[in-house]
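What you see below is based on every heavy atom in this structure, not just the backbone, and it leaves out hydrogens, waters and symmetry mates. Just so you know, these numbers come straight off a predicted model, no measurement behind them.
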Amino acid sequence: MIPSPPLFLLLLGLMGAHATAPVSVDLRTAAAMAAGLCNTRPTDLVFIVDSSRSVRPSEFEQVKVFLAKVIEGLDVGPDATRVGVVNYASRVKNELSLKTHKTKAGLVKAVTKIEPLSTGTMTGLAIQFALNVAFSEAEGARIKSPDISKVAIIVTDGRPQDNVKEVAARARDAGIELYAIGVGRVDLNTLKQIASEQLDDHVDYVESYSVIEKLTKKFQEAFCVADLCATGDHDCQQVCISAPGSFKCACKEGFSLLEDGKSCSACSNAATDVVFLIDGSKSVRPENFELVKKWINQIIDKLDVSETKAHVGLVQYSSSVKQEFPLGRYNNKKDLKDAVKKMAYMERGTMTGQALRYLTDSSFAPASGARPGVAKVGIVFTDGRSQDYIGDAAKKAKEQGCKMYAVGVGNAVEDELREIASQPTGEHYFYTADFKAMTAIAKKLQINICQEEDPCECDSVVKFQKKVEEALQALTKKHILYKSVRVR
C-alpha cells in the first residue's frame, strides 16, 4: 500500500532536518521505502571516517551509530552490498575491508569496536588509501561493472592538512561516487572539492555530531532501488518481472509479447484492417487534439504493422468527414506515426452518425485499401453528443462484422458509446472525464483478432480427403480382383 501524503511529508522532513544543503528526494523512492518495497542495488560501499583529535570520544560514538543505522538499511551480502570502513587522522587504518564481513550483524558489531585515532586530519591521504587499497580486488572490491556501484561516504569535522581536490578527482574518475558529510566548523569548500556532482545530492552539513543520525534516511534512500513491479510503476499488460531498478514485461501462457515490449496478444499474427474515426469538432480544442494524436500513436505502437499484418487508416470528422489516409498507404510504424502527427484540426460540429456511415461504406471498401477476408476494426473517438442519429450506422458496422471500439472523453454520451461498441461492451467501450487520462485507455485497449478457419476452406479439404479415400478404396478393390484373376 502506498503511504498517504502526510507520511510522505514526514519522510521528507526527516531527510532534510538540520541540513543546510537541500536534499533531493524522489517521491517514488520515498513511497517504496515507506511501503517496504525497497531493495538496495549491489554496491561496494566504503565509509571514510575522520577520528582526528577534534572529534571527541562521545562524538565518535555518534558517528558509529550513524554508520550502523545506514548499514541496517542495506542488503548486505557477497552478491549484494559489501561494506568497508577506513578510519583516519594523521594516519590511515583499514578497519574493515569489503571482504571482512558477509552479514549485517557481523558488520554492525565490528563497527561498534572501532576506536578513534585522535591525531591530525589527512583527508586527502585517506581518499588516496581508499582508491588504492580499500577499493582494490585484494580487499574484496568487485571488478568494475555497470551493475555494481562504487560509493565512498566521507565524514569529517575539520579543515584537512593536505590537498583533497586532485585525489578526489582521481577517485571520481575511477568511477567512485563520493558523498561528503561535514560537521561543525568544517570547511564547506573542501566538501565541495571532494563530492561528486550534483553537489546538492552529495554534500551534507550538520551543526554537530548529535544530529548526524538524521542523515540516515537520506543515505538509505540513496541506495534504494524501488521494486517497480510491486509499486505498480510499470506499463506491463499482464506480467511484470522485477530487475534491479527496472523491470521487464512478459505474458501469460498462450499469449505472446508484442513489439512494444509491454502488450500481450493471443493472436498477434492475425492480419487486421484498423481504422481510427476521430472527432475533430470545436469542443475538442487544439491542445487536446494534440493529446488525441499522441493517443492514436500509442495504440499504433501496440500493433504489428506490416504489409501482411496490421494496416491502419485514419478518418477525421466534425460537420463533414475527411479521410486523412487510407488503409495500406503506410506499412511501417514510423511513417504511420509521422502521418498522424501531421493531421490538422478541423473544428466545427459533431456528426458521428455520418462518420460511421463513411467508415462502413468507404473506409472498409476495397477501393480504400481494405483487404477481403481480413478482420476489420473500427476505433471511434469522440468528446461530445452526436448531432445526428448514430443507431443505424453503428448497427450496420457490427452487422458487417466490424469489431467496434468506442472511446469517449469529457462530454461524450456514454449511452452513445455503448451503442457503437461491440459486445461485450465492457471490453470495447471506454470513457474518461479528462483528456490527460487517455494514456490509461491506450494501455487498456487491446485489439486481439484471431484468424478464424474459413468454413468453406474446411469443407473443401474434407471433400478432397473423402475423394482420395474413395479413390484408394477403389484401387484396392481392383488390385485384389486382379490378383484373384491371375491365381485362377
Which class fits the ring pair Trp295 and Phe381: parallel under 30°, tilted 30 to 60°, perpendicular over 60°?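 Tilted: the ring planes of Trp295 and Phe381 meet at 30° to 60°.
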Distance check, rounded to the nearest 0.5 Å: [X] atom [atom1] versus [Y] atom [atom2]?
{"X": "Ile379", "Y": "Ile296", "atom1": "CD1", "atom2": "CD1", "result": "9.0 Å"}
{"X": "Ile212", "Y": "Ile181", "atom1": "CD1", "atom2": "CD1", "result": "5.0 Å"}
{"X": "Arg82", "Y": "Leu107", "atom1": "CZ", "atom2": "CG", "result": "12.0 Å"}
{"X": "Ser386", "Y": "Tyr317", "atom1": "OG", "atom2": "OH", "result": "6.5 Å"}
{"X": "Leu336", "Y": "Tyr330", "atom1": "CG", "atom2": "OH", "result": "8.0 Å"}
{"X": "Leu98", "Y": "Thr100", "atom1": "CG", "atom2": "OG1", "result": "8.0 Å"}

Contacts of type ring-ring contact (aromatic ring centres under 6.0 Å, His included), residue His101, not counting sequence neighbours: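 His101 satisfies ring-ring contact (aromatic ring centres under 6.0 Å, His included) with no other residue.
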Return the minimal non-hydrogen interatomic distance between [X] and [Y], and the atom names on each side.
{"X": "Ala393", "Y": "Gly353", "value": "CB-O, 3.7 Å"}
{"X": "Ala370", "Y": "Ser363", "value": "CB-O, 4.2 Å"}
{"X": "Leu356", "Y": "Ile420", "value": "CD1-CG1, 4.1 Å"}
{"X": "Ser319", "Y": "Gly349", "value": "OG-N, 2.8 Å"}
{"X": "Val377", "Y": "Phe364", "value": "O-CZ, 3.4 Å"}
{"X": "Gly369", "Y": "Asp273", "value": "O-OD2, 4.5 Å"}

Give a yes or no on whether the backbone of [Y] and the side-chain of [X] come within a donor-acceptor separation of less than 3.5 Å.
{"X": "Ser196", "Y": "Leu178", "answer": "yes"}
{"X": "Arg142", "Y": "Pro78", "answer": "yes"}
{"X": "Lys218", "Y": "Asp201", "answer": "yes"}
{"X": "Gln316", "Y": "Met346", "answer": "yes"}
{"X": "Lys293", "Y": "Lys341", "answer": "yes"}
{"X": "Lys69", "Y": "Lys214", "answer": "no"}
{"X": "Ser362", "Y": "Leu359", "answer": "no"}
{"X": "Lys302", "Y": "Ala442", "answer": "yes"}
{"X": "Thr382", "Y": "Gly384", "answer": "yes"}
{"X": "Asp388", "Y": "Gln354", "answer": "yes"}

Would you mind reporting whether [Y] and [X] have side-chain heavy atoms less than 4.5 Å apart?
{"X": "Val380", "Y": "Val407", "answer": "no"}
{"X": "Val76", "Y": "Ile71", "answer": "yes"}
{"X": "Phe276", "Y": "Ile300", "answer": "yes"}
{"X": "Val46", "Y": "Phe135", "answer": "yes"}
{"X": "Val108", "Y": "Val111", "answer": "no"}
{"X": "Val70", "Y": "Phe47", "answer": "yes"}
{"X": "His428", "Y": "Gln423", "answer": "no"}
{"X": "Arg371", "Y": "His311", "answer": "yes"}

Run Asp392 and Lys395 through side chain to side chain contact (heavy atoms under 4.5 Å, CB included) and show every step you take. CA-CA 5 Å; Asp392 291 343; Lys395 183 180 178 183; 5.5 Å; no
Any ion pair linking [Y] and [X] (charged N to carboxylate O, less than 4.0 Å)?
{"X": "Asp338", "Y": "Lys342", "value": "no"}
{"X": "Arg329", "Y": "Asp335", "value": "no"}
{"X": "Asp75", "Y": "Lys104", "value": "no"}
{"X": "Asp415", "Y": "Arg418", "value": "yes"}

Under a 3.5 Å threshold, yes or no: a donor from one side chain and an acceptor from the other, between [X] and [Y]?
{"X": "Arg348", "Y": "Ser320", "value": "yes"}
{"X": "Asp383", "Y": "Ser283", "value": "yes"}
{"X": "Thr432", "Y": "Asp434", "value": "no"}

Could you check whether atom [atom1] of [X] has more than 12 heavy atoms from other residues, nucleotides or ligands sitting under 6.0 Å from it?
{"X": "Glu287", "atom1": "CD", "result": "yes"}
{"X": "Asn411", "atom1": "CG", "result": "no"}
{"X": "Arg285", "atom1": "CZ", "result": "no"}

For Pro286, what residues pass the side-chain contact (heavy atoms from CB on, under 4.5 Å) criterion, not counting sequence neighbours?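 side-chain contact (heavy atoms from CB on, under 4.5 Å) check on Pro286 returns Tyr345.
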If you apply the rule disulfide (SG to SG under 2.5 Å), what do you find for Cys249 with Cys236, and how did you get there? CA-CA 5 Å; Cys249 301; Cys236 299; 2.0 Å; yes
